[in-house]
Amino acid sequence: MQRPTRMPHPPSRHARPARRPLPAREALLLTHALSVGPNRRCSAPQARTFRSPLTHALCARPFPPPSGGHRQGPLWHPPLPLPWALPAAPLLSKMATAALLRGATPGRGGPAWRWRLRAAPRCRLAHSSCSPGGDPTAGAAWACFRLDGRTLLRVRGPDAAPFLLGLLTNELPLPSPAAAGAPPAARAGYAHFLNVQGRTLYDVILYGLQEHSEVSGFLLECDSSVQGALQKHLALYRIRRKVTVEPHPELRVWAVLPSSPEACGAASLQERAGAAAILIRDPRTARMGWRLLTQDEGPALVPGGRLGDLWDYHQHRYLQGVPEGVRDLPPGVALPLESNLAFMNGVSFTKGCYIGQELTARTHHMGVIRKRLFPVRFLDPLPTSGITPGATVLTASGQTVGKFRAGQGNVGLALLWSEKIKGPLHIRASEGAQVALAASVPDWWPMVSK
């Protein structure tokens with residue numbers, strides 16, 4: 001007699017599903033998390049405020065330690081400061097989260113279910129550690145440069161905002177309403193004044209202030225040599241608007257940069273806005289640090305600040321490819337998009353009409369910008385007379401590539417054809433000697449332009 005076929009038992013609700021093997025790197029993170037345990041503090045200096053193996057794994061890197069690093073378990077903790085840790089954090093976060101969640105059965109069991117992250121104070125990985133007092137700038141060193149070549153104009157009145165909107169390439173930095181009892185907010189923006197042919201006249205950094213829920217006016221930071229010309233340009237278009245344009249010599253302009261160049265964009269300060277001082281991020285690029293407007297000495301207002309040499313500021317600016325003032329942007333000569341205005345957040349293609357908009361908008365929508373301002377470095381000693389602004393830049397075969405714009409020491413800016421900058425370049429100096437130079441693409445430019 002044939003036996004009846006036995007039906008398989010239904011799977012138990014307590015049975016665990018089969019686990020697929022983890023990739024090597026995720027398995028390494030999970031092994032490290034299990035070895036640390038759920039309640040032990042991490043001994044790494046940058047993670048002392050964390051109590052979870054997951055956050056401990058985020059602060060470590062599964063690679064051989066370079067000089068200065070120390071090991072703890074299968075991973076190593078890098079020495080401080082950590083300028084590279086911030087970009088690596090999202091990748092490590094995904095890896096560590098996947099490693100912990102894959103080992104957990106839905107609804108119960110597994111380290112991801114048992115270990116709950118405890119609240120911990122926020123800490124920027126770019127800094128050495130969180131200070132006990134909550135000041136992220138503790139221990140940071142800042143260089144403060146007094147920019148005597150920059151000055152301020154004040155534009156205020158009921159019609160100040162629509163008046164400036166019709167002249168500038170960018171939206172106005174209108175501050176958001178301040179909360180009750182909070183100090184007045186401030187915002188900064190970058191823009192150009194153009195002529196009717198669409199060429200740059202003046203580059204400005206705008207500061208919008210707010211007091212008692214009303215915009216009190218704008219401060220325009222410009223080149224001090226064209227302060228009078230800019231004031232006349234504004235008066236030409238003022239007509240019958242209720243606008244007052246006047247110099248504002250009470251405040252001086254300072255640039256604030258981290259002492260280490262690699263910390264640009266990662267180090268942070270506490271923004272402030274008041275009648276006596278304004279401290280705000282440079283709106284052009286994070287590589288240019290912060291802008292400070294104050295009646296007093298700048299280093300006294302910045303934690304760990306020291307007085308810097310103006311030569312170093314211009315060297316840094318040219319290395320980053322940031323033009324500033326009439327030497328780098330000759331009035332009536334420079335085109336805004338060739339001067340990388342879009343890269344420096346200085347133009348809006350959705351705002352209303354402004355003087356010189358036609359050429360800028362047409363060039364943008366065509367999507368073809370063949371020449372740009374590139375940072376250049378001279379490879380040969382310079383002649384005693386220096387390099388004349390406007391000197392022709394040539395290839396090894398003598399083909400014209402562009403023109404030298406301005407510089408300081410062995411660095412500067414040159415307007416070059418983008419497709420011809422990779423070969424050897426040179427300039428014929430006034431004495432007849434050839435000076436070799438090399439152009440580079442700044443790392444903060446959008447990748448689409450490289």
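Computed from a prediction, not measured in an experiment: that's the story for all the values here. Start at 1 with the first residue, then count along the sequence.
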Next on the checklist: Is the shortest side-chain heavy-atom distance between L416 and L425 below 4.5 Å?
Outcome noted: yes
Item to check | F145 and Y313 aromatic ring geometry - parallel, tilted or perpendicular at 30°/60° bounds | outcome: tilted
Checklist entry - Strictly by modelled atom types, are R372 and N340 linked by a side-chain donor-acceptor pair under 3.5 Å? => result yes
Checklist outcome for this item: Here the pair of heavy atoms bringing G321 nearest to W444 is O-CZ2, 4.4 Å
Checklist entry - Are T200 and P336 close enough that some pair of their side-chain heavy atoms sits under 4.5 Å apart? => result yes
Item to check | NE2 on H314 to CG on D328, rounded to 0.5 Å | outcome: 9.0 Å
Checklist entry - Any side-chain heavy atom of W417 within less than 4.5 Å of one from T400? => result no
Checklist entry - Which of parallel (below 30°), tilted (30 to 60°) and perpendicular (above 60°) describes Y202 and H233? => result perpendicular
Checklist entry - Are Q315 and V411 close enough that some pair of their side-chain heavy atoms sits under 4.5 Å apart? => result yes
Item to check | Derivation and outcome, side chain to side chain contact (heavy atoms under 4.5 Å, CB included), residues M344 and V322 | outcome: CA-CA 8 Å; M344 296 185 290; V322 178; 4.0 Å; yes
Item to check | Main-chain N/O of L394 paired with Q399 side-chain donor or acceptor, under 3.5 Å | outcome: no
Item to check | Spacing of OG1 belonging to T151 relative to CG belonging to L251, to within rounding of 0.5 Å | outcome: 10.0 Å
Checklist entry - Between V256 and C144, which heavy-atom pair has the shortest distance, and what is it? => result CG2-SG, 4.2 Å
Item to check | Aromatic plane relationship, H192 with Y190 - under 30° parallel, 30 to 60° tilted, over 60° perpendicular | outcome: perpendicular
Item to check | side chain to side chain contact (heavy atoms under 4.5 Å, CB included) between T392 and I427, intermediate numbers included | outcome: CA-CA 6 Å; T392 304; I427 291 178; over 6 Å; no
Checklist entry - For the side chain of D223 and the backbone of R150, is there at least one donor-acceptor N/O pair under 3.5 Å apart? => result no
Next on the checklist: With rounding to the nearest 0.5 angstrom, report the CG to CG distance, L219 to L206.
Outcome noted: 9.0 Å
Item to check | Full working for ring-ring contact (aromatic ring centres under 6.0 Å, His included) between F378 and F404 | outcome: CA-CA 11 Å; F378 294 102; F404 178 73; 5.5 Å; yes
Checklist entry - What are the two closest non-hydrogen atoms of G298 and L292, and how far apart are they? => result CA-CD2, 3.6 Å
Next on the checklist: Using a strict threshold of under 4.0 Å (side-chain N to carboxylate O), is an ion pair present between R240 and D159?
Outcome noted: no
Next on the checklist: Is any side-chain heavy atom of L329 closer than 4.5 Å to one of L373?
Outcome noted: yes
Next on the checklist: Show, in sequence, the C-alpha distance, side-chain angles and deciding distance for Y207 and F218, and conclude whether the side chain to side chain contact (heavy atoms under 4.5 Å, CB included) test is met.
Outcome noted: CA-CA 6 Å; Y207 305 90; F218 301 90; over 6 Å; no
Next on the checklist: For the residue pair Y318 / Q408, report whether a side-chain donor-acceptor contact shorter than 3.5 Å exists.
Outcome noted: no
Item to check | Student check: side-chain heavy atoms of S259 and R306 closer than 4.5 Å | outcome: yes
Item to check | L319 side, atom CG; L413 side, atom CG - distance, nearest 0.5 Å | outcome: 10.0 Å
Item to check | N410 and L437: CA distance, side-chain angles, deciding distance, side chain to side chain contact (heavy atoms under 4.5 Å, CB included) verdict | outcome: CA-CA 9 Å; N410 65 335; L437 72 156; over 6 Å; no
Checklist entry - Rounded to the nearest 0.5 Å, what separation is found between the CD atom of Q320 and the CG atom of L257? => result 9.5 Å
Checklist entry - Does a side-chain N-to-carboxylate-O contact under 4.0 Å join R370 and E338? => result no
Next on the checklist: Ring centroids only, cut at 6.0 angstrom: are W445 and F374 within range, meaning strictly under it?
Outcome noted: yes
Next on the checklist: Whether E171 and K351 form a salt bridge (side-chain N of Lys/Arg under 4.0 Å from carboxylate O of Asp/Glu) is what I want to check.
Outcome noted: no
Next on the checklist: Show the nearest heavy-atom pair for residues P283 and N345, with the distance to one decimal.
Outcome noted: O-ND2, 3.1 Å
Item to check | Closest heavy-atom pair and its distance - V333, R199 | outcome: O-NH1, 2.7 Å
Checklist entry - Does any N or O in the side chain of D380 come within less than 3.5 Å of the main-chain N or O of A436, such that one atom is a donor and the other an acceptor? => result yes
Checklist entry - Quick one: are E246 and R156 in side-chain contact, heavy atoms under 4.5 Å? => result yes
Checklist entry - Got R284 and E324 here, is their nearest side-chain heavy-atom distance under 4.5 Å? => result yes
Item to check | Polar side-chain atom of W254 near backbone of R291 as donor-acceptor pair, under 3.5 Å | outcome: no
Checklist entry - Within the side chain of S224, is there an N or O that forms a donor-acceptor pair under 3.5 Å with the backbone of G149? => result yes
Next on the checklist: Testing the basics here: between P323 and D203, what is the closest heavy-atom pair and its distance to 0.1 Å?
Outcome noted: O-OD2, 4.5 Å
Checklist entry - Got a second to check how far R146's CZ is from D309's CG, nearest 0.5 Å? => result 14.0 Å
Checklist entry - Does a side-chain N-to-carboxylate-O contact under 4.0 Å join D282 and R287? => result no
Checklist entry - Does a salt bridge link D296 with R252, judged by any charged N lying under 4.0 Å from a carboxylate O? => result no
Checklist entry - Is it true that a side-chain atom of T294 and a backbone atom of I278 form a donor plus acceptor pair closer than 3.5 Å? => result no
Next on the checklist: For W142 and W290, take the angle between the two ring planes, folded into 0 to 90°, and tell me which bin it lands in: parallel under 30, tilted 30 to 60, perpendicular over 60.
Outcome noted: perpendicular
